[in-house]
K.L.:
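Structure provided below as structure tokens; questions to follow.
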Amino acid sequence: MMTFKISELANEFKITPRSIRFYEDIGLLSPKRDGVNRVYGRRDKIRLGLILRGKRLGFSLQEIGELFSLYDDNKSHDQLLSMIDIIVQKQRQLTHQRADIDITLIELERAKKRCKQALIKSDLYKNK
């Protein structure tokens, strides 16, 4: 079985060991113990990657925990419906963000072109 030390995961994911311990404290990670040392398995490593990706995408730690628990346990009908609502809301939010990003990228490209054109014009006037 592949295992990892907290420092290895911290280095790989470019976060602090303190962050990893925090995720453990709130129940998102559950490493085994070897005396006083934490021993993280493949499952913890995958979860850590999902936590960080979820945070980048705007999921709260509570939402991430709820998504994890969906995979861990058999949930009731109401809980599953609630999770679907959370997922649909997040999909809408991300779709809107993607549209905003696309518009912003177009606007930035236009601004860059205007700046380049201004530089070309200013160089032409300087050479006269």
Side-chain angles (χ1 to χ4, degrees):
M1 181 173 131
M2 186 178 280
T3 60
F4 309 92
K5 296 177 185 174
I6 194 169
S7 59
E8 293 171 329
L9 291 178
N11 288 334
E12 181 172 339
F13 288 100
K14 296 178 178 43
I15 60 174
T16 64
R18 184 177 179 187
S19 295
I20 296 172
R21 286 190 294 272
F22 175 72
Y23 299 141
E24 179 186 350
D25 290 343
I26 63 173
L28 295 177
L29 299 174
S30 53
K32 305 242 184 298
R33 296 284 181 165
D34 182 15
V36 295
N37 296 320
R38 292 168 171 85
V39 180
Y40 295 87
R42 184 174 180 275
R43 178 178 184 263
D44 292 307
K45 182 178 178 180
I46 291 169
R47 279 183 168 231
L48 182 56
L50 292 171
I51 291 166
L52 298 174
R53 181 181 305 137
K55 285 181 58 182
R56 282 193 309 272
L57 294 174
F59 283 84
S60 70
L61 292 177
Q62 180 180 347
E63 290 169 329
I64 293 167
E66 289 172 357
L67 288 170
F68 283 170
S69 70
L70 179 63
Y71 291 104
D72 292 342
D73 304 321
N74 290 327
K75 295 294 182 185
S76 72
H77 182 264
D78 289 341
Q79 288 170 312
L80 292 172
L81 288 174
S82 176
M83 286 306 302
I84 289 170
D85 286 342
I86 291 171
I87 292 167
V88 168
Q89 289 173 11
K90 192 55 68 175
Q91 286 175 317
R92 282 188 195 126
Q93 179 186 359
L94 291 172
T95 299
H96 291 314
Q97 285 177 335
R98 182 173 49 199
D100 288 342
I101 289 169
D102 289 343
I103 291 167
T104 302
L105 287 172
I106 291 168
E107 291 171 351
L108 289 171
E109 188 61 33
R110 287 179 184 153
K112 182 172 76 174
K113 285 179 183 177
R114 286 193 304 272
C115 290
K116 285 181 177 182
Q117 289 170 348
L119 284 171
I120 290 170
K121 286 181 182 178
S122 68
D123 284 344
L124 290 176
Y125 290 121
K126 285 182 184 178
N127 293 332
K128 286 187 177 185

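Fair warning: this is a prediction, and the values are worked out from it, not measured in the lab.
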K.L.:
Through direct or indirect side-chain contacts below 4.5 angstrom among Ile, Leu, Val, Met, Phe, Trp and Tyr, which residues connect to Val39?
P.N.:
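So far as hydrophobic clustering goes, Val39 is joined with none.
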K.L.:
Between Ile51 and Phe68, is any pair of side-chain heavy atoms under 4.5 Å apart?
P.N.:
yes
K.L.:
Which residues, ordered by chain and number, are linked to Ile101 in its hydrophobic cluster, where ILVMFWY side chains connect at heavy-atom gaps below 4.5 Å, directly or through other members?
P.N.:
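Leu105, listed by chain and number.
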K.L.:
Tell me, please, which residues at least two apart from Ile106 pass side-chain contact (heavy atoms from CB on, under 4.5 Å).
P.N.:
Arg110
K.L.:
Taking side chain to side chain donor-acceptor pair (under 3.5 Å) as the definition, give me every residue that meets it alongside Thr16, ordered by chain and number, with sequence neighbours left out.
P.N.:
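With neighbours one apart ignored, the set is Ser19.
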K.L.:
Hey, quick one: are Leu81 and Ile86 part of the same hydrophobic cluster, counting side-chain heavy atoms closer than 4.5 Å, chains of contacts allowed?
P.N.:
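Different clusters.
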K.L.:
Taking only residues two or more places apart in sequence or in another chain, which ones pass side chain to side chain donor-acceptor pair (under 3.5 Å) with Glu12?
P.N.:
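Listed in chain order: Lys45.
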K.L.:
Enumerate the residue pairs fulfilling side chain to side chain donor-acceptor pair (under 3.5 Å) with a member in residues 26-39, sequence neighbours excluded, ordered by first and then second residue.
P.N.:
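Applying side chain to side chain donor-acceptor pair (under 3.5 Å) to every pair that reaches into residues 26-39, excluding sequence neighbours, yields Glu24-Arg33, Glu24-Arg38.
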K.L.:
Can you list everything that forms a salt bridge (charged side-chain N to carboxylate O under 4.0 Å, His left out) with Lys112? Sequence neighbours excluded, please.
P.N.:
Glu109
K.L.:
With sequence neighbours excluded, what pairs up with Gln93 under the side chain to side chain donor-acceptor pair (under 3.5 Å) test?
P.N.:
Lys90
K.L.:
For the CZ atom of Arg42 and the CZ atom of Arg47, what is their distance to the nearest 0.5 Å?
P.N.:
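Interatomic distance, Arg42 CZ to Arg47 CZ, rounded to 0.5 Å: 13.0 Å.
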K.L.:
Within the 4.5 Å heavy-atom criterion, are Tyr23 and Leu61 side-chain neighbours or not?
P.N.:
yes
K.L.:
What donor-acceptor contacts under 3.5 angstrom involve side-chain atoms of residues 1-11, with partners at least two apart or in another chain?
P.N.:
unit_1 : atom_1 : unit_2 : atom_2 : d
Glu8   : OE1    : Lys5   : N      : 2.7
Asn11  : ND2    : Ser7   : O      : 3.2

K.L.:
Given Ile20 and Asp44, is the side chain to side chain contact (heavy atoms under 4.5 Å, CB included) satisfied, shown in steps?
P.N.:
CA-CA 10 Å; Ile20 296 172; Asp44 292 307; over 6 Å; no
K.L.:
For Val88, which fellow cluster members are found when Ile, Leu, Val, Met, Phe, Trp and Tyr are connected by side-chain heavy-atom distances below 4.5 angstrom, either directly or through intermediates?
P.N.:
Ile84
K.L.:
Going by the rule side chain to side chain donor-acceptor pair (under 3.5 Å), which residues pair with Glu107 if we only count those two or more places apart in sequence or in a different chain?
P.N.:
none
K.L.:
Could you give the distance from CG (Leu57) to CD1 (Ile64), rounded to the nearest 0.5 Å?
P.N.:
9.0 Å
K.L.:
Quick one: salt bridge (Lys or Arg N to Asp or Glu O under 4.0 Å) pairs with a partner in residues 50-61, sequence neighbours left out?
P.N.:
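Listed by first then second residue: nothing to list.
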K.L.:
With a 4.5 Å heavy-atom cut-off, do Leu67 and Leu50 have their side chains touching?
P.N.:
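Leu67 does not reach Leu50 side chain to side chain.
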